[in-house]
Number of protein chains: 2
Amino acid sequence: MARRTKAEAAATREALLDAAEEVFLEKGVARTSLEQIARHADMTRGAIYWHFRNKADLFQAMLQRVRMPFQELVEEIGDPSLAERPLEAIRLACLKGFERLEQPRYRRVHAILIHHCEVFGEIDPLAMQNEMAEEACGALIDYCGCAARLGQLRPGLDPGVAGELLQAMLGGLFHDWLRNHEQFSILERGTLLLDTQLTLMRAAPSG
Amino acid sequence: MARRTKAEAAATREALLDAAEEVFLEKGVARTSLEQIARHADMTRGAIYWHFRNKADLFQAMLQRVRMPFQELVEEIGDPSLAERPLEAIRLACLKGFERLEQPRYRRVHAILIHHCEVFGEIDPLAMQNEMAEEACGALIDYCGCAARLGQLRPGLDPGVAGELLQAMLGGLFHDWLRNHEQFSILERGTLLLDTQLTLMRAAPSG
DNA sequence: GCTTTTACATACAACCTTGTATGGATGGCG
DNA sequence: CGCCATCCATACAAGGTTGTATGTAAAAGC
């Protein structure tokens, strides 16, 4: 076969990652062979072993395309007035996350990480999930602590507990939706649940 | 080898299931062979293929030992006065569930189902999780609806949303804890989060 | 324009796992 | 006490997957 140009090679690399997403999601990571991924992209295993060292390397490259830390979501909003409205910062960051998750690539890859893979090779999905969860939980607790200091949190509600409550609720919603995304829209239900929860946790407007 | 008595045969069956739990949890379902399970129980694959048809059959038998529907938890409490205090029914059922999850067998098997297996053979773990989630969510919404009719839910809080909120929060807590149970006690944090959430959702005591 | 490197396809050896077939010794039962 | 079904070990055939080695034709670089 003819050698491809640099742009074509980059395209096949992306095509391989696309194919991996689809096959991983459909059959699970463990049950899909590199042969199946290659054929789904109209390539052979040779292409995969050229672009990636092995399945674990391919998997990590796939994840690399959809990283979405909570803090970055807040920063992307770029509203400096959010420093004085931490609960609103949480709200907007979550809404931005919901919207992004509705893009097929983000949805698929997160669904694979959460529901369609086990430990294999040097890959430990649970460790990755732990990192994601702790990053989000830490940020949520920080913002709740900030809200408490500003008197925007309901009196008697511990900011640490409030943060863990939000993290658990968002995580549960996340898992449920990724399990079958056709059951409901994460943007719609997420907005509803989050707004309800924030209303419950907000301090009653003084005066 | 000598044939075992009926009691011994039943014991080896249980031993095989115990071994499966441990190896599945450690290495993931897909990456463990029947050979590894058998050796971990000081048996051979012959024993497995005698007691079970294949890996999927073994897996289902393992799950069968830890079924725990939400409704059954409520019924096991057996307090008729709970009909008038639906939010308390939710609370006690969850506490009972937390306690049961701290038993190694319940914790291990649920961790396997949620975090350490993919689709394989005729087994679809996501479908099983969906059933569990929907059963719990349905029950929670029912109890919240009952609470609303009794005036025990905060005015303006939709009982459907309240139920989904509880289900999401409990599910998120469940997933987080199963991911690494050494990080916190589900009984302690669960009690704290649940009580906080129920306090937020309860109607203010009238008069 | 020639050489080198790239971007794959193809071929091959090794391993692991599964399912089944077979064997064998004993417990249960008439 | 004799027979049969049970409970499990062992052996065997078949297939699937991985990693690597090799081939190759064109793009890149000088």
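Chain naming here is simple, since letters A, B, ... match the order of the sequence lines and numbering starts at 1 in each. FYI, side chains are in, hydrogens and waters are out, and symmetry mates aren't considered; it's all heavy atoms of this structure.
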- Item | Separation of C:dA7 P from A:Glu14 CD (nearest whole Å) | 14 Å
- Options D:dG19, C:dT20, C:dT6, nucleotide nearest the side-chain atoms of B:Arg45: C:dT20
With a 3.5 Å cut-off and sequence neighbours excluded, list the donor-acceptor pairs that the side chains of residues 188-196 of chain B form with protein atoms.
| from | atom 1 | to | atom 2 | distance (Å) |
| --- | --- | --- | --- | --- |
| B:Thr191 | OG1 | B:Leu187 | O | 2.5 |
| B:Asp195 | OD1 | B:Arg91 | NH1 | 3.0 |
| B:Asp195 | OD2 | B:Arg91 | NH1 | 3.3 |
| B:Thr196 | OG1 | B:Leu192 | O | 2.7 |

- Query: Starting at CG of A:Leu58 and ending at P of D:dT18, how long is that distance when rounded to a whole Å?
  - Reply: 11 Å
- Note on the structure: With the side chain defined as heavy atoms from C-beta on, B:Ser33 is closest, among D:dT18, C:dC8, C:dT17, to C:dT17
- Query: What is the distance, rounded to the nearest whole Å, between atom CG of B:Leu16 and atom C1' of D:dA9?
  - Reply: 13 Å
- Rounded to whole Å, the CZ-C1' distance (A:Arg53 to D:dG19) equals 13 Å
- Item | Option among B:Arg100, B:Arg108, B:Arg105, B:Arg107 that satisfies the side chain to side chain contact (heavy atoms under 4.5 Å, CB included) test with B:Val66 | B:Arg105
- Note on the structure: Whole-Å distance, B:Leu34 CG to C:dT20 P, equals 12 Å
- Task: Ignoring backbone atoms, test whether B:His51 places a side-chain nitrogen or oxygen under 4.0 Å from the OP1 or OP2 oxygen of D:dC8.
- Result: yes
- Item | Selected nucleotide, minimal atom distance to B:Arg4 side chain, candidates C:dA7, C:dG19, D:dC7 | D:dC7
- Check for a donor-acceptor pair, side chain of A:Lys27 on one end and backbone N or O of A:Ser33 on the other, with a separation under 3.5 Å. no
- Sequence neighbours excluded, which residues qualify as salt bridge (charged side-chain N to carboxylate O under 4.0 Å, His left out) partners of B:Asp79? B:Arg85
- Item | Below 4.0 Å: OP1/OP2 of D:dC8 and any side-chain N or O of B:Thr12 | yes
- Item | Among C:dG19, D:dC8, C:dA7, the nucleotide that comes nearest once only the side chain of B:Met43 is considered | D:dC8
- Query: What integer distance in Å separates B:Arg39:CZ from C:dT18:P?
  - Reply: 14 Å
- Task: Would you indicate, yes or no, if C:dA7 has its OP1 or OP2 atom less than 4.0 angstrom from a side-chain nitrogen or oxygen of A:Trp50?
- Result: yes
- Query: To the nearest Å, how far apart are A:Arg31 CZ and D:dT18 P?
  - Reply: 12 Å
- Task: Counting heavy atoms from C-beta on, name the nucleotide in C:dA9, D:dT18, D:dT10 closest to the side chain of B:Thr44.
- Result: D:dT10
- Between B:Glu35 and B:Thr5, who's closer to the 5' end of DNA chain C by nearest nucleotide? B:Glu35
- Atom CD of B:Glu26: over 12 foreign heavy atoms under 6.0 Å: no
- Message: Any side-chain N or O of A:Tyr49 below 4.0 angstrom from OP1/OP2 of C:dC8?
- Response: no
- Item | Distance in angstrom units between A:Phe120 CZ and D:dT17 P, rounded | 15 Å
